[in-house]
Amino acid sequence: RVSFSLVRETIKLTRASLAIKITRAFLQPVSIFPKIKSLTKVVLLASPFIIMSEATAKPSGGVNIPEIIAKADDLYTNNKMREAYDVLLPYKDNEDSEIQWRFARMCYNVGKHYEPNKTKAKELATIAMEHIDRSIKLNGGCFHAYKWKGIILSWY
């Protein structure tokens with residue numbers, strides 16, 4: 001077990017605005033090795049930019065966020081933009097920053113590179129801006145969200 005005093009000392013090293021988020025997120029057990037159920041520990045990440053716990057990994061409704069992200073990233077890496085867009089589309093209203101910026105990225109790619117209809121491309125640009133802003137609102141420390149906001153703004 002990790003003592004609360006150790007967690008408190010680590011929190012002091014991070015920015016004050018993240019202290020509440022880190023305390024709530026990381027005082028929950030997270031399975032480090034999913035195949036070995038007995039190894040459950042509290043994970044405390046020192047970086048203020050990475051906030052991940054079992055609570056964010058599997059929100060209510062049984063949605064497995066890491067699995068969705070991995071599938072979308074794999075399709076994106078293999079240049080299958082429309083398929084990646086289709087994977088993320090059902091989760092576009094999810095309250096996860098990682099899903100939001102990836103969905104905005106797919107709107108950008110589909111709209112700019114694959115959509116021949118200019119009206120539909122403009123709609124996708126607007127949707128991309130809405131979702132990238134939502135991602136930044138959910139997690140202001142997400143580098144990727146800011147990166148894609150700049151890219152989308154250059155197109156928008």
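Computed from a predicted structure; not experimentally measured. What you see below is based on every heavy atom in this structure, not just the backbone, and it leaves out hydrogens, waters and symmetry mates.
- The shortest heavy-atom contact between Met81 and Val110 is O-CG2, 3.9 Å.
- Cluster membership for Leu89 and Ile152, using ILVMFWY side-chain heavy atoms within less than 4.5 angstrom, is shared.
- A single hydrophobic cluster is seen to contain both Ile69 and Leu88, as judged by linkage of ILVMFWY side chains at heavy-atom distances under 4.5 Å, directly or through other members.
- Listed for the Asn117 side chain is a donor-acceptor partner under 3.5 Å among the backbone atoms of Thr119.
- Annotation: side chain of Ile68 is not in contact with side chain of Asn94 (no heavy-atom distance under 4.5 Å).
- How far CD of Gln100 is from SG of Cys142: 11.0 Å, rounded to the nearest 0.5 Å.
- For the pair Asp73 and Arg105, the salt-bridge criterion is met [side-chain N within less than 4.0 Å of a carboxylate O].
- Enclosure of atom CD in Glu67 is not indicated, since only 12 or fewer non-hydrogen atoms of other residues, nucleotides or ligands lie within 6.0 angstrom.
- Of all heavy-atom pairs between Asn64 and Pro66, the closest is OD1-CD, 3.1 Å.
- Residues Lys149 and Leu153 are in side-chain contact: their nearest non-hydrogen atoms beyond the backbone lie under 4.5 Å apart.
- Within a 6.0 Å radius of NZ in Lys71, other residues, nucleotides and ligands contribute 12 heavy atoms or fewer.
- Geometric assessment of Arg82 against the ring of Tyr114 yields a negative cation-pi assignment under the 6.0 Å and 45° thresholds.
- By the 4.5 Å heavy-atom criterion applied to side chains, Asp74 and Glu83 are not counted as neighbours.
- Here CD1 of Ile99 is found 11.5 Å from CG of Asp93. Values are rounded to the nearest 0.5 Å.
- Once rounded to the nearest 0.5 Å, the distance linking CE of Met106 with CD1 of Ile127 reads 13.5 Å.
- Ile136 and Ile65 fall into different hydrophobic clusters, defined by Ile, Leu, Val, Met, Phe, Trp and Tyr side-chain heavy atoms under 4.5 Å apart, directly or through other members.
- Using a 30° and 60° split on the angle between ring planes, Phe103 and Tyr85 fall in the parallel class, below 30°.
- Nearest heavy atoms, Ala128 versus Tyr108: CB-N, 4.2 Å.
- No side-chain heavy atom of Arg102 sits less than 4.5 Å from a side-chain heavy atom of His131.
- Note: Cys107 SG to Ile132 CD1 = 10.0 Å, rounded to the nearest 0.5 Å.
- Under the 30°/60° scheme for interplanar angles, the aromatic rings of His144 and Trp101 are found to lie parallel.
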